[in-house]
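Data first, discussion second: the structure below is written as structure tokens.
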Amino acid sequence: MKKKLALLVCMAMAMTMSVGVSAEEDLVYAVEAGSAGEAAAQDKGFQYNSVTSQADALMEVASGTSDAAIIDLLMAGAMIGEGTSYPDLIHTEELTTEEYGVGCRKGSDLAAYINDVFAETYADGTMKEIAEKYGVQEALVEQPAIEEESEAETEAAAEDSDVAAIQEKGTLVVGITDFAPMDYKEDGDEWIGFDADMARIVAEKLGVEAEFVEIDWDTKIMELDAGNIDVVWNGMTLTDEVKAAMECTKPYCNNAQVIVVPAE
């Protein structure tokens, strides 16, 4: 599955596919509520059904409840086609191109801390190694070198530091949904995936444990602002709305919204 996912990502980033059915306004699309897929459907003026997750959107298509689904390209590579949970589904065209980032509370110093971990792990090859494990290496965004803060910036950040608060409580609470290949469970109760593994690295460098909490994706900003989670880390598209509401990291993965339809 991992080799298949890497190949799909590489091909899709190079060209727009057009197999089977293309986007049509008279179709009914299943989309995850609050997702980039829902935003794409709204932008195109499509008729759509909002469901709880992208996995549910695929179930809608497989059962015939919806004509098509709009989901992330990276998830499509993991979930549809030969050797996957939905071998009779294919993806056709890309509606958008986008980037993934991690979201923290507005003004939080945690985003800069994660950026430094991204820079370090990209430079030493750890990020690529984890990406290859989950087949998303072709989607990685090159990370710039660590930027040195001035003494004044460091002192200002220390006055109201999320990093210090997380270290004091001993846990990094990560808000996620079940979204392969970024955060998911395969065997047992442990969360795995590219995002889950990277979050654990950040937690380790902070000297704390990573705690994963499933959230309603549509209320992720409220969960963050309420302090129920420390970070949103789940293949989150860096939309204008997200960047206005959160302190976001630099992009770390490329992605696209694609249409999924039955193969026949």
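Sequence positions, counted from 1, serve as the residue numbers for this chain.
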**Asked** Given side chains that start at C-beta, do those of T121 and I201 come closer than 4.5 Å, heavy atoms only?
**Response** yes
**Message:** I need the F194 CZ to Y184 OH distance, nearest 0.5 Å.
**Reply:** 12.5 Å
**Prompt:** When hydrophobic residues are tied together by side-chain contacts of less than 4.5 Å, even through go-betweens, does L172 share a cluster with M236?
**Reply:** no
**Message:** Run T65 and S63 through side-chain hydrogen bond (donor to acceptor under 3.5 Å, both in side chains) and show every step you take.
**Reply:** CA-CA 6 Å; T65 310; S63 66; 2.9 Å; yes
**Prompt:** With the 4.5 Å side-chain cut-off for hydrophobic clustering, are V51 and M79 part of the same group?
**Reply:** no
**Asked** What orientation do Y252 and Y100 show, parallel under 30°, tilted 30 to 60°, or perpendicular over 60°?
**Response** tilted
**Prompt:** Under the 3.5 angstrom rule, does the side chain of Q257 hit a backbone N or O of G37 as a donor-acceptor pair?
**Reply:** yes
**Prompt:** Is there a side-chain contact between Y113 and L206, using heavy atoms and a 4.5 Å cut-off?
**Reply:** yes
**Request:** Output yes when E190 and R200 qualify as a salt bridge under the 4.0 Å nitrogen-oxygen rule, no when they do not.
**Result:** yes
**Message:** Are there over 12 heavy-atom neighbours, none belonging to D124, within less than 6.0 Å of that residue's CG?
**Reply:** yes
**Asked** Same cluster or not: are I166 and F118 linked, directly or through other Ile, Leu, Val, Met, Phe, Trp or Tyr residues, by side-chain heavy atoms under 4.5 angstrom apart?
**Response** yes
**side-chain hydrogen bond (donor to acceptor under 3.5 Å, both in side chains) evaluation trace for Y48 with Q42** = CA-CA 8 Å; Y48 66 89; Q42 292 171 344; 2.9 Å; yes
**Request:** Would you check if the side chain of D72 reaches a backbone N or O of L74 as a donor-acceptor pair within less than 3.5 Å?
**Result:** no
**Asked** Is the CD atom of E204 crowded by more than 12 outside heavy atoms at less than 6.0 Å?
**Response** no
**Message:** To the closest 0.5 Å, what do you measure between CD (E94) and CG (N255)?
**Reply:** 9.0 Å
**Asked** Would you say I130 and V141 are hydrophobically clustered, going by side-chain heavy atoms of ILVMFWY under 4.5 Å?
**Response** no
**Prompt:** Yes or no on side chain to side chain contact (heavy atoms under 4.5 Å, CB included) for Y86 and V260, after CA distance, side-chain angles and deciding distance?
**Reply:** CA-CA 11 Å; Y86 296 99; V260 174; over 6 Å; no
**Message:** Looking at Q167, I'd like to know if its CD atom is crowded, meaning that more than 12 non-hydrogen atoms belonging to other residues, nucleotides or ligands lie closer than 6.0 Å.
**Reply:** yes
**Prompt:** Rounded to the nearest 0.5 Å, what separation is found between the CE atom of M246 and the CG atom of D225?
**Reply:** 8.0 Å
**Asked** CD1 of I114 to SG of C104: how many Å apart, nearest 0.5 Å?
**Response** 4.0 Å
**Request:** Please assess I215 against W217 for the test side chain to side chain contact (heavy atoms under 4.5 Å, CB included), listing each intermediate value before the final yes or no.
**Result:** CA-CA 6 Å; I215 60 172; W217 196 245; 4.3 Å; yes
**Item:** Audit row: V261, D67, side chain to side chain contact (heavy atoms under 4.5 Å, CB included) steps and yes/no
**Value:** CA-CA 7 Å; V261 296; D67 300 307; over 6 Å; no
**Asked** Can any side-chain N or O of E129 pair as donor or acceptor with the backbone N or O of G125 at less than 3.5 Å?
**Response** no
**Asked** V231 and W191: same hydrophobic cluster, using ILVMFWY side-chain contacts below 4.5 Å?
**Response** yes
**Message:** To the closest 0.5 Å, what do you measure between CD (E99) and SG (C248)?
**Reply:** 11.5 Å
**Message:** Are I70 and L95 packed together at the side-chain level, in the sense that at least one heavy-atom pair is separated by less than 4.5 angstrom?
**Reply:** yes
**Request:** Look only at the side chain of N234 and the backbone of T177, and say whether a donor-acceptor pair between them is shorter than 3.5 Å.
**Result:** yes
**Message:** Does K169 have more than 12 heavy atoms from other residues, nucleotides or ligands lying within 6.0 Å of its NZ?
**Reply:** yes
**Asked** Under the 3.5 angstrom rule, does the side chain of D109 hit a backbone N or O of S161 as a donor-acceptor pair?
**Response** no
**Message:** Nearest 0.5 angstrom please: D56 CG to N49 CG, how far?
**Reply:** 12.0 Å
**Message:** Run M198 and W233 through side chain to side chain contact (heavy atoms under 4.5 Å, CB included) and show every step you take.
**Reply:** CA-CA 9 Å; M198 288 299 300; W233 201 332; 3.7 Å; yes
**Message:** Any side-chain to backbone donor/acceptor pair from R105 onto E247? Under 3.5 Å, distance only.
**Reply:** no
